[in-house]
Amino acid sequence: MYTAHPDRYADMPYRRSGRSGLKLPALSLGLWHNFGPDRPVTTQRAILHRAFDLGVTHFDLANNYGPPPGAAESAFGEALRADFAAYRDELVISTKAGYLMWPGPYGEWGSRKYLLSSLDQSLTRMGLDYVDIFYSHRPDPATPLEETMGALHSAVQQGKALYVGISNYSAEQTREAARILGELGTPLLIHQPRYSMLDRRPETEGLLDALDELQVGSIVFSPLEQGLLTGRYLDGIPEGSRAASDSPFLNSDAVTADLVGQLRDLDDVAKGRGQTLAQLALSWVLRGGRVTSALIGASSPQQVEGCVGAIGNLDFDAEELVRIDAIINR
């Protein structure tokens, strides 16, 4: 029987999401790759236990996480019933809908039909009456934004979600989504973009500025760039890595000699701060407080511990930031 650590809230910082009343841990656990039937249940449970013991109160899912799609929600539902039922009100649980889940014209994108059907399926898989945050996982170019945002509003009105968010939306789409939701009376809580030292589009394309202007929170995914910023690739492509398998999310062509050189120089910066490369990368996205939370993935409890170690040093001096920029932009 799992019993949470009594000091789980001692060290983790919690940041308010935009102008809402909801605080999120600086690091949240994403269940994207490592919660499916190909992973031992004991390992999955150990990851969840260690994360919560370290103050990670937010578990982020989506309908298509696994593999196969739906597996992560099912696995999390089993863990919730077995270990976390007593702690439900201490948890923020989120899920999303937008990518392909079932065949036919109603199995993906952003229609009201798909979003609300998917949410019902997600709740069934997790054994929940509601999720804390329900996201539109991607904008739908063929569905009016009013319909997609209206479906999110309905999820709240039906008591199936407490808050709503969007993911992978541009700055302009985010402004319009926030306007529509505001008029409906369900404020936009949070945006989930991809953001890292190596992928700065939320900065360069104005998304972070839009979120500041709208007072909407942000939780970034892939802050470690699919493992590139974990130190695994400092000597090239290791056997058994994601790049070695030519994953659709990271292929071997991306790991160039120039990139490896950049990673080694970033690792030197990290060592100068008393951090690992992964900790540096997480600290960098959390610097200055513009990002509410960073999503981490983990295949072991030890990886969770290593990532949480980043919160001890979230500040950068000007010289460090200039050096990081010079490495990335050369």
Side-chain angles (χ1 to χ4, degrees), residues 14-24 26 28 30 58 60-63 92-99 108-116 118-119 122 130-195 199-223 285-286 288-295:
Y14 296 87
R15 297 177 170 187
R16 192 173 301 280
S17 184
R19 59 183 173 183
S20 76
L22 184 68
K23 292 183 177 180
L24 296 178
S28 300
H58 178 207
D60 180 76
L61 300 106
N63 58 357
V92 172
I93 301 169
S94 61
T95 196
K96 315 175 196 74
Y99 288 93
E108 63 177 327
W109 293 109
S111 70
R112 180 180 182 85
K113 166 75 171 173
Y114 167 69
L115 289 176
L116 294 180
S118 179
L119 178 56
S122 292
Y130 71 95
V131 291
D132 296 279
I133 307 170
F134 181 49
Y135 287 88
S136 168
H137 206 166
R138 60 173 173 171
D140 182 348
T143 298
L145 193 57
E146 288 82 0
E147 178 175 340
T148 301
M149 295 304 105
L152 296 184
H153 171 66
S154 291
V156 173
Q157 294 297 105
Q158 294 169 7
K160 296 176 181 178
L162 300 185
Y163 302 92
V164 299
I166 57 177
S167 181
N168 297 304
Y169 280 56
S170 69
E172 181 180 356
Q173 290 167 332
T174 297
R175 287 191 173 92
E176 183 64 5
R179 181 193 66 78
I180 294 167
L181 285 168
E183 291 178 355
L184 291 171
T186 297
L188 178 61
L189 174 80
I190 198 163
H191 189 296
Q192 187 173 132
R194 180 170 182 151
Y195 182 46
D199 186 349
R200 304 192 179 192
R201 286 174 293 175
E203 290 180 9
T204 60
E205 297 177 0
L207 178 61
L208 292 184
D209 290 337
L211 297 177
D212 289 343
E213 172 192 322
L214 297 167
Q215 294 183 277
V216 169
S218 60
I219 179 168
V220 301
F221 70 89
S222 294
V285 298
L286 291 168
R290 293 187 84 185
V291 167
T292 311
S293 184
L295 278 166

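Atoms considered below: every heavy atom in the structure, side chains included; atoms not considered: hydrogens, waters and symmetry mates.
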For M149 versus Y169, what's the shortest heavy-atom pair and its separation? CE-OH, 3.6 Å

Decide whether Q158 and Y130 meet the rule of one side-chain donor and one side-chain acceptor closer than 3.5 Å. no

To the nearest 0.5 Å, atom CH2 of W109 lies from atom OG of S118 at 14.5 Å

Would one find more than 12 heavy atoms of other residues, nucleotides or ligands at under 6.0 Å from atom CZ of R19? no

Are more than 12 heavy atoms from other residues, nucleotides or ligands located less than 6.0 Å from atom CD of E183? yes

Please tell me whether N63 and S122 have a donor and an acceptor in their side chains that are separated by less than 3.5 angstrom. no

With L181 as reference, evaluate V156, L145, V216, L188 under the side chain to side chain contact (heavy atoms under 4.5 Å, CB included) test and give the passing residue. L188

Applying ring pair (Phe, Tyr, Trp, His ring centres under 6.0 Å), can you list everything that pairs with Y99, at least two apart in sequence or on another chain? H137

For E146, salt bridge (charged side-chain N to carboxylate O under 4.0 Å, His left out) partners two or more places apart: none

Euclidean distance, I219 CD1 relative to S94 OG, rounded to 0.5 Å: 6.5 Å

Sorted by chain and residue number, the side-chain hydrogen bond (donor to acceptor under 3.5 Å, both in side chains) partners of T148 (sequence neighbours excluded) come out as none

Value rounded to 0.5 Å, distance of CD in E147 from CG in D140: 8.5 Å

